[in-house]
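Before any comments, here is the structure.
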Amino acid sequence: MKIMHVDASAKRERSNSRALSRYFLERLREEGGQFEVDYLDVTIDTPPHVTEDFAIATYTAAPDRTPAMKATLAGSDALCQRLLAADAFVFAMPMYNWSMPSAFKAFIDSVTRTGLTYVNADDGRVVGQLSRQKVLFITSRGADLRPGSPYAGMDALTPSLKAAFGFLGVADPTFVDAQPLQFADPEARTEALRRARAELDAVASGWASSDSSKETQDLLSGVTA
Ligand SMILES: Cc1cc2nc3c(=O)[nH]c(=O)nc-3n(C[C@H](O)[C@H](O)[C@H](O)COP(=O)(O)O)c2cc1C
């Protein structure tokens, strides 16, 4: 299994979302998951913001693109190929101003591509091309946005991630939201991290067992073929 692992926190050593994404991959390995990682730090390799050239080139049919248009899209093309080659995604990010970090939004803008990560079917449907991949979002939040909290209605992060990746075919992503990690007393922060790690343990165990049952199926179909 190839996992594309993307981190998006502006913080490095002090980042909780980065620590939790590393924790998840360690737990997955401990559970017997067999995988290689394609790592991307979008705060270092930040895809460019959408430009006018990009906006025109991306909606020009592939056979009609000029060499300049092709050059404009080359980085985005390559990033899309990395996504299409992955079997699973681990996307880790903090909540910034109730939504996603702008570097991760730039990533989404770069990988949402007609003819690559989604295709327009003859009957008019849009068919997302990332429907076979498992997807885990790990988000870290300073406040507690769980139901019942005063901030519960402020979550613009989860719906936007669901919409953007749903369009690309991701029907049922898993979310592990670590909260509250900043605007709370130390006990509540510790408890939030404990809860997030427990949820990640469960996801790691589920991914490892689905991975090994797939390997068994592949083996059996190879034997019977
Ligand atoms: C610029 C900025 C904006 C933030 N906005 C929010 C916010 O809207 N809601 C929230 O709950 N926390 C917010 N936080 C807090 C972070 O989400 C929180 O500290 C999180 O744990 C950071 O994750 P990290 O440790 O991986 O960087 C913000 C932090 C920063 C630096």
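We count ligands from 1, going down the list as the structure has it; atoms in each ligand are counted the same way.
- For atom 8 (O) of ligand 1, the closest non-hydrogen atom of the protein is W98 N, 2.7 Å.
- With a heavy-atom cut-off of 4.0 Å, F183 touches ligand 1 through its side chain alone.
- Contacts between N16 and ligand 1, counted as non-hydrogen atom pairs separated by less than 4.0 Å, involve both the backbone and the side chain.
- In this structure, R22 does not pair ionically with D7, as no charged nitrogen and carboxylate oxygen lie closer than 4.0 Å.
- Of the polar atoms of L181, none of the N or O atoms is found under 3.5 Å from an N or O of ligand 1, judged by distance alone.
- Ion pair D38/R82 flagged as a salt bridge, since at least one NZ, NE, NH1 or NH2 atom sits closer than 4.0 Å to an Asp/Glu carboxylate oxygen.
- Every N/O-N/O distance between P94 and ligand 1 stays at or above 3.5 Å.
- Considering only non-hydrogen protein atoms, atom 10 (C) of ligand 1 sits nearest to G142 N, 3.5 Å.
- Of the protein's non-hydrogen atoms, the one nearest atom 11 (O) of ligand 1 is A143 N, 2.8 Å.
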With a 3.5 Å cut-off and sequence neighbours excluded, list the donor-acceptor pairs that the side chains of residues 93-103 form with protein atoms.
unit_1 : atom_1 : unit_2 : atom_2 : d
Y96    : OH     : A10    : N      : 3.2

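- At a threshold of 4.0 Å, the pair R141-D155 counts as salt-bridged, since one of the basic side-chain nitrogens sits closer than that to a carboxylate oxygen.
- Every residue meeting the side chain to side chain contact (heavy atoms under 4.5 Å, CB included) condition with R146, not counting sequence neighbours, appears here in chain and number order: D144, Q179, R195.
- In this structure, F89 has its ring center at least 6.0 angstrom away from the ring center of F165.
- Salt bridge R132/D87: present, at least one basic N to carboxylate O contact under 4.0 Å.
- From N16, atom CG reaches atom OG1 of T139 across 11.5 Å, with rounding to the nearest 0.5 Å.
- For ligand 1 and R141, the ligand atoms under 4.0 Å from any heavy atom of the residue are 11 (O), 17 (O), 18 (C).
- Looking at M95 against ligand 1, both its backbone and its side chain come within 4.0 Å, counting heavy atoms.
- Not one N or O of K11 is nearer than 3.5 Å to an N or O of ligand 1, by distance alone.
- Of the N or O atoms in N97, one or more lie within a sub-3.5 Å distance of an N or O in ligand 1.
- The protein heavy atom nearest to atom 31 (C) of ligand 1 is Y96 CE2, 3.7 Å.
- Between D109 and K105, at least one side-chain nitrogen of the basic residue sits less than 4.0 Å from a carboxylate oxygen of the acidic one, meeting the salt-bridge criterion.
- Among protein heavy atoms, atom 15 (C) of ligand 1 sits closest to Q182 OE1, 3.2 Å.
- In terms of protein heavy-atom proximity, atom 26 (O) of ligand 1 is closest to S17 OG, 2.6 Å.
- The shortest N/O to N/O separation between S9 and ligand 1 falls below 3.5 Å.
- The proximity of S140 to ligand 1, defined as any non-hydrogen pair under 4.0 Å, involves the side chain as well as the backbone.
- Salt-bridge annotation for R29 and E26: absent, with no side-chain N of the basic residue lying under 4.0 Å from a carboxylate O of the acidic one.
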